[in-house]
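Report on the structure given below.
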Amino acid sequence: MTATTPRDPVDAITAQWAEVRPDLDTLPMAVYGRIYRVSRAMGDRIEKEYKRFGISRGEFDVLATLRRSGEPYTLSPRQLSATLMLTTGGMTGRLDKLEKAGLLSRSPDPHDRRGLRVTLSDKGREIVDESVTAGLAMQHEVLDSVLDEAEAAQLAALLRKLLAAH
């Protein structure tokens, strides 16, 4: 830690462990504790940002997955569930709410009479485009206030390396 870097709550936790268990190497706790806390803090902020558009973070994830799939912005519920790591029951609840709001539609799959296709509506595309732009602007604002572009890229690369190992 440099003289200009402020202490954070994770420093206090690792310092307490050093007092009572000086034999422990708490570096992993420092890394993962900070990842967890940053993720929670940003998750809460992004949830508030998406709420301005009438959607939750989970609902955004469904809309964004459809949007990223490209035209015609259509996937099966199974594809959505697999991408979002959701149970079919959890997915059904989200789809019901989003369909009721007119942000997507469900229709029979022409290639599988038992299957369904979920399609992003024009209104859903507008909402997801506006909300992803606003969410990214907020995330840029936070990142840019603390890290320069090279530091942010380095952090992203290090986190990619860590995530790939899991």
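For reference, positions follow the sequence shown, starting with 1.
Applying the salt bridge (Lys or Arg N to Asp or Glu O under 4.0 Å) test to residues at least two apart or on different chains, the pairs with a partner in residues 49-59 are Glu49-Arg52, Glu59-Lys97. The salt bridge (Lys or Arg N to Asp or Glu O under 4.0 Å) analysis of residues 133-151, with sequence neighbours excluded, yields no pairs. Counting only residues at least two apart or in different chains, salt bridge (Lys or Arg N to Asp or Glu O under 4.0 Å) contacts with residues 122-134 comprise Arg67-Asp129, Asp122-Arg125.
In terms of heavy-atom proximity, Leu103 sits nearest to Leu120 at O-CD1, 3.6 Å. Across every non-hydrogen atom of Met91 and Ser81, the tightest pair is CB-OG, 3.4 Å. Contact between Tyr50 and Gly135 at its shortest, heavy atoms only, is CE2-CA, 4.4 Å. Contact detail for Ser76 and Arg117: the closest heavy-atom pair is N-NH1, 3.5 Å.
Between Met138 and Met42 the shortest side-chain heavy-atom distance falls below 4.5 Å. In this structure, the side chains of Arg113 and Pro108 stay at 4.5 Å or more apart for every pair of heavy atoms. Considering only heavy atoms from C-beta on, Ile55 stays 4.5 Å or farther from Val128 through its side chain. Counting only heavy atoms from C-beta outward, the side chains of Val118 and Leu75 never approach each other to under 4.5 Å. Between Val10 and Met29 there is no side-chain heavy-atom pair separated by less than 4.5 Å.
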Review point. Step by step, would you call Phe60 with Val132 a side chain to side chain contact (heavy atoms under 4.5 Å, CB included)?
Key: CA-CA 8 Å; Phe60 169 84; Val132 73; 3.9 Å; yes
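Between the CE atom of Met85 and the CG atom of Leu80 there is a distance of 13.5 Å, given to the nearest 0.5 Å. Put simply, CG on Leu84 and CD on Gln79 are 11.5 Å apart, with the number rounded to the nearest 0.5 Å. With rounding to the nearest 0.5 Å, the separation of CG in Leu116 from CG in Leu95 is 9.0 Å. Atoms CH2 and CG, on Trp17 and Asp23 in that order, are 10.0 Å from each other to the nearest 0.5 Å. Of the inter-residue distances, the one linking Leu104 atom CG with Leu98 atom CG reads 5.0 Å to the nearest 0.5 angstrom. The distance from atom CZ of Arg78 to atom OG1 of Thr83, rounded to the nearest 0.5 Å, is 12.5 Å.
Without hydrogens or angle criteria, Ser121 side chain to Gly102 main chain gives a donor-acceptor distance under 3.5 Å. A donor-acceptor pair under 3.5 Å is formed between the side chain of Thr74 and the backbone N or O of Pro72. At least one donor-acceptor pair closer than 3.5 Å links the side chain of Ser69 to the backbone N or O of Leu66. A donor-acceptor contact shorter than 3.5 Å is absent between the side chain of Asp44 and the backbone of Ala41.
Within a 6.0 Å radius of CD in Gln154, no more than 12 heavy atoms belonging to other residues, nucleotides or ligands are found.
Leu163 and Leu143 are members of different hydrophobic clusters when ILVMFWY side chains are connected at heavy-atom separations under 4.5 Å. Grouping the Ile, Leu, Val, Met, Phe, Trp and Tyr side chains by contacts below 4.5 angstrom, directly or via other members, places Ile13 apart from Val31. Leu162 and Tyr36 fall into different hydrophobic clusters, defined by Ile, Leu, Val, Met, Phe, Trp and Tyr side-chain heavy atoms under 4.5 Å apart, directly or through other members. Side-chain heavy atoms closer than 4.5 Å link hydrophobic residues (I, L, V, M, F, W, Y) into clusters, and following such links, even through other members, never connects Val38 to Leu158.
Remark: Arg106 engages Asp96 in a salt bridge, criterion side-chain N to carboxylate O under 4.0 Å.
Relative orientation of the Tyr32 and His166 rings is perpendicular, given thresholds of 30° and 60° on the angle between their planes.
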